[in-house]
Amino acid sequence: MSLFEINNLKQLRDERGVLTILESEKDCPFSIERVYFLSNLKVDLPRGFHAHYKLWQYTLCLQGSFEMIYDDGVRREALTLDSSSKGVLIPPMIWHEMCKFSSDCLIMVVASDHYDEEDYIRNYDEFKRKVKSDS
Ligand code: TYD
């Protein structure tokens with residue numbers, strides 16, 4: 001089974017354009033407490049490189065494309081996000097990296113809680129140790 005859980009958001013298309021809907025606790029399985037955007041990204045400057053102890057996140061590529069890498073401490077998988085209607089869940093304890101951003105890439109992330117640096121694991125060896133001790 002893939003590490004990625006992807007779901008399709010409802011889109012309403014007509015001659016005026018496309019309306020995409022993301023509902024809290026419905027399309028993403030948590031209550032949304034924070035939203036942030038990543039823009040002006042550089043193809044050769046990957047980001048992320050962390051996991052969260054408790055935070056749930058859900059991300060969408062609103063424009064352009066990028067590659068998401070997931071690592072659960074055992075398996076490592078990559079997925080290209082290139083659609084504004086496809087949301088990807090980032091559960092706790094998934095090491096994630098983002099790279100290969102197109103020049104027009106715009107990423108939106110919704111999160112289950114406010115920003116808390118204490119919830120981050122930014123060291124990969126520490127992440128692996130935590131996975132091992134939890135198993
Ligand atoms: P960072 O975790 O390095 O971003 P990425 O995961 O995209 O690589 O975050 C960059 C800085 O922004 C870091 O100092 C933490 C801060 N930050 C906030 O203050 N609030 C937030 O909601 C987020 C996501 C980051």
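What you see below is based on every heavy atom in this structure, not just the backbone, and it leaves out hydrogens, waters and symmetry mates. These numbers were taken from a predicted model, which means no experiment stands behind them.
Under the 4.5 Å side-chain heavy-atom criterion for grouping Ile, Leu, Val, Met, Phe, Trp and Tyr, V109 is not connected to F49 through any hydrophobic cluster. No chain of hydrophobic side-chain contacts below 4.5 Å, direct or via other Ile, Leu, Val, Met, Phe, Trp or Tyr residues, connects L79 to L106. When hydrophobic clusters are built by joining Ile, Leu, Val, Met, Phe, Trp and Tyr residues whose side-chain heavy atoms come closer than 4.5 Å, directly or via intermediates, Y70 is not grouped with I121. Note on I69: it does not cluster hydrophobically with V88, by side-chain heavy-atom contacts below 4.5 Å among ILVMFWY residues. Tracing side-chain contacts under 4.5 Å through hydrophobic residues (I, L, V, M, F, W, Y), one never reaches L22 starting from L12; they form parts of separate clusters.
With values rounded to the nearest 0.5 angstrom, C28 atom SG is found 11.5 Å from I90 atom CD1. Summarising the geometry, atom CH2 belonging to W56 is positioned 8.5 Å from atom OG belonging to S112; distances are rounded to the nearest 0.5 Å. Going from atom SG of C105 over to atom CD of E67 covers 12.0 Å, rounded to the nearest 0.5 Å. S85 OG to D27 CG: the interatomic distance, rounded to the nearest 0.5 Å, is 11.0 Å. Note that CD1 of I6 and OG of S83 are 10.5 Å apart. Values are rounded to the nearest 0.5 Å. For the atom pair CG of L3 and CG of L89, the computed distance is 12.0 Å after rounding to the nearest 0.5 Å.
Checking Y58 against N7 by side-chain atom types alone, a donor-acceptor pair falls below 3.5 Å. With hydrogens and angles left out, the side-chain atoms of T80 and D82 include no donor and acceptor closer than 3.5 Å. Side-chain atoms of E118 and Y120 form no donor-acceptor pair, as typed in the model, at a separation below 3.5 Å. Side-chain N/O atoms of Y36 and Q57 include a donor and acceptor closer than 3.5 Å. One side chain, S2 or E77, offers a donor N or O that lies under 3.5 Å from an acceptor on the other.
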CA sep, side-chain torsions, deciding dist, call: C99, E97, side-chain contact (heavy atoms from CB on, under 4.5 Å): CA-CA 7 Å; C99 59; E97 302 169 12; over 6 Å; no

Candidate pair R34 and L55, rule side-chain contact (heavy atoms from CB on, under 4.5 Å), full reasoning: CA-CA 11 Å; R34 177 167 50 113; L55 190 76; 3.5 Å; yes

Full working for side-chain contact (heavy atoms from CB on, under 4.5 Å) between L62 and I107: CA-CA 6 Å; L62 298 182; I107 301 169; over 6 Å; no

Chi angles and distances behind the side-chain contact (heavy atoms from CB on, under 4.5 Å) call for L60, T20: CA-CA 11 Å; L60 280 176; T20 308; 5.5 Å; no

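Salt-bridge annotation for D71 and R76: present, with a side-chain N of the basic residue lying under 4.0 Å from a carboxylate O of the acidic one. Residues E117 and R122 are paired through a salt bridge, judged by an N-O separation under 4.0 Å between the basic side chain and the carboxylate.
S24 places a side-chain N or O within donor-acceptor distance of the main-chain N or O of I32, the cut-off being under 3.5 Å. No donor-acceptor distance shorter than 3.5 angstrom exists from the side chain of K10 to the backbone of I21, with no hydrogens or angles considered.
Counting only residues at least two apart or in different chains, side-chain hydrogen bond (donor to acceptor under 3.5 Å, both in side chains) contacts with residues 39-51 comprise H50-H52, H50-H96.
Legend: residues meeting side-chain contact (heavy atoms from CB on, under 4.5 Å) with D125, ordered by chain and number and at least two apart, are N123, R129. Taking V131 as the reference, M93, F127 meet the side-chain contact (heavy atoms from CB on, under 4.5 Å) condition, with sequence neighbours excluded.
In this structure the side chain of K54 never reaches within 4.5 angstrom of the side chain of P92, judged on heavy atoms. By the 4.5 Å heavy-atom criterion applied to side chains, C61 and F66 are counted as neighbours. Looking at heavy atoms from C-beta onward, T59 lies in side-chain contact with L81 at the 4.5 angstrom threshold. Annotation: side chain of L9 is not in contact with side chain of K86 (no heavy-atom distance under 4.5 Å).
Heavy atoms of other residues, nucleotides or ligands lying less than 6.0 angstrom from CD of Q63 number more than 12. The number of heavy atoms from other shown groups lying within 6.0 Å of CZ (R75) is above 12.
Across all non-hydrogen atoms, the minimal contact from S84 to Q11 is OG-NE2, 3.4 Å. Here the closest non-hydrogen pair linking F4 and A78 is CE1-C, 3.8 Å.
Ring to ring, W95 and Y124 are close: their centroids are under 6.0 angstrom apart.
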